[in-house]
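Below you'll find the structure, written out as structure tokens, and then a few comments.
Every chain is numbered from 1, with letters handed out A, B, ... down the list of sequences.
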Protein chains: 2
Amino acid sequence: MLSRTSQYALRSVLFIAENSHARRKVGVGEVAKALDIPKYYLAKILRKLAVGGLIRSSKGPGGGYYLDSEDFEHALIAIIEIVDGPDSLKKCALGLNTCSSEHPCPIHFYIGPFRDSLLQSLSEITVGDALQQLKEENVFIANLLTADEKKKENGRPDERH
Amino acid sequence: MLSRTSQYALRSVLFIAENSHARRKVGVGEVAKALDIPKYYLAKILRKLAVGGLIRSSKGPGGGYYLDSEDFEHALIAIIEIVDGPDSLKKCALGLNTCSSEHPCPIHFYIGPFRDSLLQSLSEITVGDALQQLKEENVFIANLLTADEKKKENGRPDERH
DNA sequence: TTATTAAAGGACTGAGAAGTCTTTTTTTTG
DNA sequence: CAAAAAAAAGACTTCTCAGTCCTTTAATAA
Ligand code: FES
Ligand code: FES
């Protein structure tokens, strides 16, 4: 549905939103470890998001990524568009080069409305909205560790991701 | 949204549905040309669909692919599942390894319902339903040729795809 | 029964997404 | 100022999906 990259991006932004403010920044390594995302790959994604103005960054000791209060107002779709390019969700489900009711494919009227609603949602929900969800009991942004992984964690407590 | 492969698969099945019956079969080349899909790649997809029991095939002169009357009853989701593997549309939008209301991600309740409706549609719509749409005026399964492409067609009328 | 036709099968290539690593730049702090 | 910390930058690898090509098998028709 969404590319792995935009999944990483969404989860990271929410993690940063939850764990940072202007005086408490989070580093790539911290995010990577918490969400089990390859560290150096994540670094690239976060850079894109920072360049795109969706998150903030600062270098040096005590530096890292954080969200400013305005950043909570961005719609989730903006995150997806920055990493996956725009319009990735507006295309014809069958891959035709136009999608319109004037030149529809055979499933346009069947599935179009749902796809549009989905897109609409992603355009309306802000980072703040999603963060609120995340703060609810039993809402997660990271996978639970399997028994195996827990053992691994204990065995090599300082392992890099 | 859907992989390119399942887009090819859906369009091909509909094309075959429209243009074949037990005595008038269509070949890979014919489908590839009509839908502008790479011929040898399409061949693989059609083989999968045939093995999966969604379309029929026969070898030799006059052979090709066709649909039996029962084949019109298959849901579109079956086509997607055969080429992309099962459950490709049931996964968590953020890539968590479970998707459930008991262990939801922060956008589960926002977008889940629409995704479920989408999946529901694809499970209900049959090849026959989509074919009926296709027979409507102005419903298409192939891209219009651009001016450039038309010229190419004329210049090299027997070009392989 | 032989030639022809079309799918079946399998080996290979290419492009793009995902992942890794090293070096450079910027900032803080002692 | 020097050392350390962290992002920024960029080169490189790996993997998966998409695409190509060639050979084999099966069916038909002359
Ligand atoms: S034309 Fe295919 S989804 Fe709109
Ligand atoms: S848990 Fe993420 S969509 Fe259901």
Side-chain angles (χ1 to χ4, degrees), chain A residues 1-12 16 19-20 22-33 35-67 80 82-85 88 95 159-161, chain B residues 1-12 16 19-20 22-33 35-67 80 82-85 88 95 159-161:
Chain A
M1 183 99 93
L2 296 176
S3 73
R4 188 177 304 194
T5 305
S6 53
Q7 294 177 340
Y8 287 168
L10 288 165
R11 292 169 62 210
S12 298
I16 296 168
N19 295 291
S20 79
R23 269 172 190 69
R24 165 31 182 147
K25 294 156 193 170
V26 303
V28 192
E30 192 178 346
V31 181
K33 190 167 187 182
L35 303 185
D36 193 30
I37 298 173
K39 178 174 173 179
Y40 297 108
Y41 188 61
L42 180 58
K44 289 184 175 181
I45 300 172
L46 294 184
R47 205 179 326 144
K48 267 196 190 178
L49 292 171
V51 169
L54 295 185
I55 64 178
R56 321 267 166 153
S57 75
S58 70
K59 288 184 173 184
Y65 293 94
Y66 63 103
L67 260 66
I80 297 168
I82 286 216
V83 298
D84 277 356
S88 59
E159 190 74 15
R160 289 259 177 77
H161 288 73
Chain B
M1 183 98 94
L2 297 177
S3 72
R4 188 178 303 195
T5 305
S6 53
Q7 295 177 340
Y8 287 167
L10 288 165
R11 292 169 60 213
S12 298
I16 296 167
N19 295 292
S20 79
R23 269 172 190 69
R24 159 46 178 139
K25 295 155 191 169
V26 303
V28 192
E30 192 178 344
V31 181
K33 190 166 187 183
L35 304 184
D36 193 29
I37 298 173
K39 177 174 173 179
Y40 296 107
Y41 189 59
L42 179 59
K44 289 185 173 177
I45 301 173
L46 294 184
R47 206 179 323 146
K48 267 196 189 178
L49 292 171
V51 169
L54 296 186
I55 63 178
R56 322 268 165 152
S57 74
S58 71
K59 288 184 172 182
Y65 293 95
Y66 63 103
L67 260 64
I80 298 169
I82 286 219
V83 298
D84 278 356
S88 60
E159 192 72 16
R160 290 261 177 76
H161 288 75

Roughly how many Å is it from NZ in Lys25(B) to C1' in dA7(C), rounded to a whole number?
-> 12 Å
Rounded to whole Å, CZ of Arg23(A) lies from C1' of dT28(C) at a distance of 15 Å
Between atom CG of Leu42(A) and atom OG of Ser12(A), what is the distance when rounded to the nearest 0.5 Å?
-> 4.5 Å
Measure across Tyr65(B) and Ser20(B) and return the closest heavy-atom pair with its distance rounded to 0.1 Å.
-> O-CB, 3.9 Å
Enclosure of Arg23(B) CZ (heavy-atom neighbours >12, cutoff 6.0 Å) | no
Taking all atoms of both residues into account, what is the closest heavy-atom pair of Lys39(A) and Ala32(A), and its distance?
-> CA-CB, 3.7 Å
Interatomic distance, Leu42(B) CG vs dC21(D) C1' [rounded to whole Å] = 16 Å
Tabulated below should be each protein N or O lying under 3.5 Å from an N or O of nucleotides 7-11 of chain D; please produce it.
residue	atom	partner	partner atom	Å
dA7(D)	OP1	Val28(A)	N	3.1
dA8(D)	OP1	Ser57(A)	OG	2.8
dA8(D)	OP2	Tyr65(A)	OH	2.5
dA11(D)	N6	Lys44(A)	NZ	3.2

Does Thr5(B) make a side-chain N or O approach to OP1 or OP2 of dA18(D) shorter than 4.0 Å?
-> yes
Residue pairs passing the side chain to side chain donor-acceptor pair (under 3.5 Å) test where at least one lies in residues 43-53 of chain A, sequence neighbours excluded = none
Ser3(B) has its side chain closest, among dA4(D), dA18(D), dT20(D), to dA18(D)
Provide the closest heavy-atom pair for Tyr8(A) versus Pro38(A) in the form atom of the first, atom of the second, distance.
-> OH-CD, 3.8 Å
